[in-house]
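First comes the structure, then the notes that go with it.
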Amino acid sequence: MRYLSACAVPLRLFTPSGSNFAFSNTSFRVTHSILTRPSQLISISMSQPAADLNVVATTKDGLQQPENTDVVVQYVVLRRDLIDTWPLGSVVTQGCHASVSAVWSNKDDPDTVDYCSPDKIDSMHKVTLEVKGETQIKNLSEKLTSGGIIHKLWIEQPENIPTCLATKPYPKSIVSPYFKKLKLCK
């Protein structure tokens, strides 16, 4: 006899800063076929083969989407030398300037519209990385420009110092290869 059990589980994922995960208010519907009698207990572990589980993400408005959808992400890159010498709030402010500028300058771009949509606004994905100094941030900007990756290199005025950069929101699969060699900002 074959039984089917299902449950809707609201998830709120939290991982400490420095990880590649973000906050999420997504719920998942997990169904599992049970080939035993209902009186027997069954244990399902996270290491169970994917073939045994059928996972579908459900957004806040009830729309279902496949779990493996390419997430839209914004990368923010800060200078380590400034993190070590400037007040933390000043460095964070520079990253905020670059991030807002990159989003606002591309507000009509389909990925940016998706990233800022009402159903995703509370679950934005950002990755904050670091480079050693001014030379590295300029080189990264040139690399992104030559690769066609739209970004904002924030130049603090009136000092005319490049402090950080931020990409416009992109599907992660498109933009992540440009940042593989960089360290997470800690």
Side-chain angles (χ1 to χ4, degrees), residues 8-30 50 54-79 82 89-131 136-157 162-185:
V9 180
L11 296 177
R12 177 142 177 97
L13 302 175
F14 171 78
T15 57
S17 67
S19 68
N20 289 330
F21 297 106
F23 291 96
S24 176
N25 285 325
T26 304
S27 65
F28 294 88
R29 181 158 189 82
V30 179
N54 176 20
V55 180
V56 177
T58 305
T59 60
K60 288 183 208 173
D61 58 5
L63 297 175
Q64 289 189 347
Q65 57 190 24
E67 178 190 10
N68 61 358
T69 330
D70 197 6
V71 67
V72 177
V73 65
Q74 182 179 40
Y75 281 83
V76 178
V77 182
L78 305 174
R79 286 176 44 187
L82 297 181
S90 297
V91 178
V92 171
T93 299
Q94 299 300 303
C96 292
H97 289 329
S99 176
V100 170
S101 179
V103 167
W104 185 253
S105 298
N106 296 282
K107 64 184 174 288
D108 297 324
D109 175 84
D111 291 323
T112 304
V113 170
D114 179 47
Y115 186 75
C116 297
S117 67
D119 62 319
K120 294 184 179 177
I121 198 75
D122 291 328
S123 60
M124 292 179 173
H125 292 82
K126 281 187 179 49
V127 178
T128 305
L129 305 169
E130 64 181 50
V131 293
Q136 291 79 14
I137 201 109
K138 286 180 175 178
N139 289 343
L140 178 59
S141 179
E142 290 172 10
K143 179 181 172 184
L144 294 172
T145 299
S146 67
I149 301 299
I150 299 169
H151 66 283
K152 174 65 177 180
L153 175 63
W154 188 259
I155 310 289
E156 183 62 12
Q157 297 299 331
T163 58
C164 61
L165 68 76
T167 64
K168 79 166 194 71
Y170 277 100
K172 188 174 183 179
S173 64
I174 292 173
V175 74
S176 66
Y178 292 91
F179 298 97
K180 283 189 177 189
K181 293 183 180 180
L182 299 183
K183 293 179 183 178
L184 288 171
C185 187

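The structure displayed is predicted, hence computed values, not measured ones. The first residue in the sequence is number 1, and the count goes up from there.
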* Within the distance-only criterion (no hydrogens, no angle test), does the side chain of T167 pair as donor or acceptor with the backbone N or O of Y75 below 3.5 angstrom? -> yes
* Asked: Would you say the side chain of V77 lies within less than 4.5 Å of the side chain of C164, judging by non-hydrogen atoms?
  -> no
* **Heavy-atom check, side chain of V72 versus side chain of M124, under 4.5 Å** => no
* Structure fact -> The side-chain contact (heavy atoms from CB on, under 4.5 Å) partner of T163 among L82, L153, V91, L78 is L82
* Asked: Backbone N or O of D108 within a donor-acceptor pair of the T112 side chain at under 3.5 Å?
  -> no
* Asked: Atom OG1 in T128, atom CD in Q74: separation rounded to 0.5 Å?
  -> 9.0 Å
* Asked: Going through the checks in order, is the side-chain contact (heavy atoms from CB on, under 4.5 Å) test met by V76 and V127?
  -> CA-CA 6 Å; V76 178; V127 178; over 6 Å; no
* Asked: When rounded to the nearest 0.5 angstrom, what is the spacing between NE2 in H125 and NZ in K120?
  -> 9.5 Å
* **Min side-chain heavy-atom separation R79-V131 under 4.5 Å** => yes
* **Donor-acceptor contact present, side-chain S141 to main-chain I137, <3.5 Å** => no
* Asked: What pair of heavy atoms forms the shortest contact from C116 to I121, and how long is it?
  -> O-CD1, 3.7 Å
* Is there a donor-acceptor pair under 3.5 Å between the side chain of S101 and the backbone N or O of H97? -> no
* Asked: How many angstroms lie between NZ in K168 and CD1 in I149, if you round to the nearest 0.5 Å?
  -> 8.0 Å
* Asked: Who passes ring-ring contact (aromatic ring centres under 6.0 Å, His included) against Y178, sequence neighbours left out?
  -> none
* **Check: F179 and L140 side chains under 4.5 Å, non-hydrogen atoms** => yes
* **Side-chain donor or acceptor of S105 paired with backbone N/O of A102 under 3.5 Å** => no
* Nearest heavy atoms of Y170 and G148, plus distance in Å -> OH-O, 3.6 Å
* To do: Establish, from distance only, whether the side-chain atoms of D70 and S173 form a donor-acceptor pair under 3.5 Å.
  => yes
* Taking it one step at a time, do K126 and S99 satisfy side-chain contact (heavy atoms from CB on, under 4.5 Å)? -> CA-CA 10 Å; K126 281 187 179 49; S99 176; 3.3 Å; yes
* Nearest heavy-atom pair of D114 and S117: which atoms, and what distance? -> O-OG, 2.9 Å
* To do: Please indicate whether K107 has more than 12 foreign heavy atoms, meaning atoms of other residues, nucleotides or ligands, lying under 6.0 Å from its NZ.
  => yes
* Side-chain donor/acceptor of N106 to backbone N/O of D109, under 3.5 Å -> no
